[in-house]
Amino acid sequence: MAATADADEALRIRPAVAADVPAVIALDEEVTVLAKPAYWHDMFERYGARGRRARFFLVAERLDRLKGFVIGETRAWEFGSPPCGWIFAIQVRPKGRLKGVGTQLFNAICDRFRETGVVNVRTMLALDNITILSFFRSQGMMAGPFIELETTLESSADRT
Amino acid sequence: MKLQKATCFALFAVLELAADPARQLSAAEIAEKYDISQHHLAKVLRDLARAGIVESARGVGGGYRFAGNPKRLTMMDVIELFEPIRPDRADGDDPRPNTDIGRALRTVLNEIDEHAQATWRSISVSTMLKIVRQRPVAVARDQTKT
Ligand SMILES: CC(C)(COP(=O)(O)OP(=O)(O)OC[C@H]1O[C@@H](n2cnc3c(N)ncnc32)[C@H](O)[C@@H]1OP(=O)(O)O)[C@@H](O)C(=O)NCCC(=O)NCCS
């Protein structure tokens, strides 16, 4: 009855440690089909290493297995905005979805943001990723006062 | 952005019924609450029933009940039943699509449409009902903006 034991065991949310990085890389590879070890080691250095105030890299685990993670930071005056919590990444193992893990990770990082004194939380999402858009909307998030704009840089040869 | 009348009526009915799935309401009751045409709403409710989103309850005073999955049914699922939402509409009312300005206008209109679609597609009935319940806060916030 492994499945029942797994469901009964409480989910634990805690700050990531270096030993979690391989499991984070594996989870991300499972979701995006692209292994990015250097990127995740760098993310851990920047957000997860000890003593980082206002930077958070949290993992959700059950029975010592990584079920998901979330990364964010309280940033001040970015784009002229007062301090605000930013969520950069959230991922839950495909097999463990729709069981509230994402919600618990979201709530946990919001608690951390609150401790830094901010009242707003922000994120940026791909317009065509309806799963993650639906998830953040189900948490009460709505379009904010900013919009992302971008362009493709012309090569310098094209500009002359 | 403006929704057509039938779409709006459908959203009123779906959200009103989904707010309490055990409750049964007639077209007349919903029409009265929103001050809309009962005749038009009755037709919209029949379309919603055909799509399986509401079900009609038989018996005395038979009304309608919500029959969808509120966490999975999106605003887009309802809207699409009543009006076409297409990102690349090459239909007759496109402003002069064979001119440079017409094409440029279409590019910008597509950008607006893409945002509108992603918004409707990512808001489930449950999420919408949360917004309904938060309304006093949201209204207060919107008022401070103006
Ligand atoms: C988005 C994600 C984090 C959600 O995690 P989760 O553990 O499944 O989330 P929860 O179970 O807490 O879901 C909370 C709510 O989100 C919404 N939601 C989540 N997944 C959904 C889906 N596939 N379709 C519609 N709504 C969804 C629902 O409203 C859900 O509430 P419900 O379970 O009561 O219906 C997870 O799906 C994921 O990792 N997706 C891939 C993320 C990704 O693309 N990352 C790359 C960019 S960072």
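Side-chain atoms are counted along with the backbone in the values below, which use heavy atoms only and exclude waters and symmetry mates. Below, chain A is the first sequence line, B the second, and so on; all start at residue 1.
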Are [X] and [Y] ion-paired here, with the side-chain N under 4.0 Å from a carboxylate O?
X	Y	value
A:Arg14	A:Asp20	yes
B:Arg23	B:Glu29	no
A:Lys67	A:Glu61	no

Open item on the list: Over 60° means perpendicular and under 30° means parallel, so tell me whether A:Phe79 and A:Phe146 are parallel, tilted or perpendicular.
Closed with: tilted
Open item on the list: Please output the residues of residues 26-44 of chain A in contact with chain B, using a heavy-atom cutoff of under 4.5 Å, in numerical order.
Closed with: none
Open item on the list: Taking side chain as everything from C-beta outward and backbone as N, CA, C, O, which of these in B:Thr127 sits under 4.5 Å from a heavy atom of chain A? Side chain, backbone, both or neither.
Closed with: side chain
Task: Interface moiety of B:Thr119 toward chain A, non-hydrogen atoms closer than 4.5 Å - done: both
Open item on the list: Determine whether the aromatic ring centres of residues A:Tyr47 and A:Phe88 are separated by less than 6.0 angstrom.
Closed with: yes
- [ ] Working to the nearest 0.5 Å, report the span between CG of B:Leu45 and NE2 of B:His40.
- [x] 10.5 Å
Open item on the list: Are the side chains of A:Phe56 and A:Phe113 in contact, using a 4.5 Å heavy-atom criterion?
Closed with: yes
